Amino acid sequence: YEIASCLVGSEMCIRDSLLTYPFQAFGYVERSFFMENKCKVIAIANQKGGVGKTVTSVCLGACLAQDNKKVLIVDFDPQGSLTKGLGYRSPDSYQQSIKDLLFNEINEVDVDYHDSIIHTNEKFDLLPSNISLSGADIQLSSVMSRETVFKRVLDKIKNDYDYILIDSNPALNLFTINGLVAADSIIIPVQAEPYATDGLNDLLHTITSAKKQINPNLKIDGILITMTDARTNLSKHIANEVRENYGKFIRVFKTEIPRAIKTSEAALSGQSPIQYAPNAESSLAYRRLAKEVEQIGKNITKTRHEFSR
């Protein structure tokens, strides 16, 4: 046996691999476990509503897709705002929603999950949601291994993608736990407004519990400051406060997302803000964010490559 040390994020993990051929011990070895997680699943999460989770999910997804990444965006919110904002306002406009896939998994119904995915004209795919998801968490509560249902659904399709982005619901409930279990990492949008960090400590506690008990590989990619207004000192003060209070322990993305009216206009037009207003200040900011997110993946890949020698 060979002990292979792999530094992933900020944690050192030790993995054992059985050497198939003796000569591999003396040279470069390309090990399959370094390549097994091609797809990165990112949950966009904050139980506080109105912080920009949905806009971040769709804009980040659109930007990654424009960078030639294969992207699936999952609307995991019963309000279905992301789905409706992309023009799919009626449940009749698509075959199945995320709720159908969850209960197909629970009931072990053999279906082609790919039939439920919408291929948008913006190069990314969408797994839609609607109001039928509301109350499903109560039904899930009596199911065996209820925390892993969503993960089992994504595991069936994740090999088709480079990134899966989960637009989480604004609550701390079983849907949130399912999202944290399914995710490899989390991006936490925080609004540059008074009381911006209300509930953030509760979310961090939930993330810590999920990491300890169910998903030990879960990481926080960073806190994203949204809805900034360069014209006000209050916005700058709150952004600085978030960086000072949390930046020592958690990455706070360099990119800040400005407030933009184009975002609301885009939802009415059934397009992502990136396609609707590609040169808007907010769209340019999300492109910078996409580069930061991609760089996180490159840093992990580089570290894995170095420790595979």
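Note that this is a predicted model, so its numbers are computed, not measured. Quick note: residue numbers are just sequence positions, from 1.
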Check against side-chain hydrogen bond (donor to acceptor under 3.5 Å, both in side chains), Ser269 and Gln271: CA-CA 6 Å; Ser269 72; Gln271 304 174 66; 3.3 Å; yes
Ignoring hydrogens and angles, state whether a donor on the side chain of [X] or [Y] is under 3.5 Å from an acceptor on the partner side chain.
X: Tyr94; Y: Asn130; result: yes
X: Thr226; Y: Gln191; result: no
X: Gln96; Y: Tyr113; result: no
X: Ser116; Y: Gln95; result: no
X: Tyr276; Y: Thr263; result: no
X: Asn173; Y: Thr176; result: yes
X: Tyr161; Y: Asp125; result: yes

If you count the non-hydrogen atoms of other residues, nucleotides and ligands that lie under 6.0 Å from [atom1] in [X], is the total more than 12?
X: Lys254; atom1: NZ; value: no
X: Asn233; atom1: CG; value: no
X: Glu241; atom1: CD; value: yes

Option passing side chain to side chain contact (heavy atoms under 4.5 Å, CB included) with Val74 (candidates Ile157, Leu165, Leu127): Leu127
Side-chain touch [X]/[Y], heavy atoms, less than 4.5 angstrom:
X: Leu204; Y: Phe249; result: no
X: Ile257; Y: Tyr286; result: yes
X: Ser283; Y: Lys262; result: no
X: Gln47; Y: Pro170; result: no

N/O donor-acceptor pair under 3.5 Å between [X] side chain and [Y] backbone:
X: Arg243; Y: Lys248; answer: no
X: Thr197; Y: Leu200; answer: no
X: Asp112; Y: His114; answer: yes
X: Arg287; Y: Pro278; answer: yes
X: Asp221; Y: Ile186; answer: no
X: Thr54; Y: Ser81; answer: no
X: Asn215; Y: Ala183; answer: yes

Sidechain N-carboxylate O distance under 4.0 Å for Lys219, Asp184: no
Arg251 and Glu292 ion-paired at < 4.0 Å: no
Approximate separation, where rounding is to 0.5 Å, of Ile225 CD1 and Ile238 CD1: 10.0 Å
Leu86 side, atom CG; Ile118 side, atom CD1 - distance, nearest 0.5 Å: 8.5 Å
Cationic tip of Lys40 above Tyr163 ring, under 6.0 Å, 45° of axis: no
Which atom of Leu102 lies closest to which atom of Val149, heavy atoms considered: O-CG1, 3.7 Å
Partner residues of Phe76 under the ring-ring contact (aromatic ring centres under 6.0 Å, His included) criterion, sequence neighbours left out: Phe150, Phe175
Residue pairs passing the salt bridge (Lys or Arg N to Asp or Glu O under 4.0 Å) test where at least one lies in residues 56-84, sequence neighbours excluded: Asp67-Lys291
Verdict with reasoning, Leu224 to Thr56, per side-chain contact (heavy atoms from CB on, under 4.5 Å): CA-CA 9 Å; Leu224 175 66; Thr56 296; 3.8 Å; yes
Salt bridge (charged side-chain N to carboxylate O under 4.0 Å, His left out) between Asp198 and Lys48, worked out: CA-CA 8 Å; Asp198 277 8; Lys48 194 176 189 306; over 6 Å; no
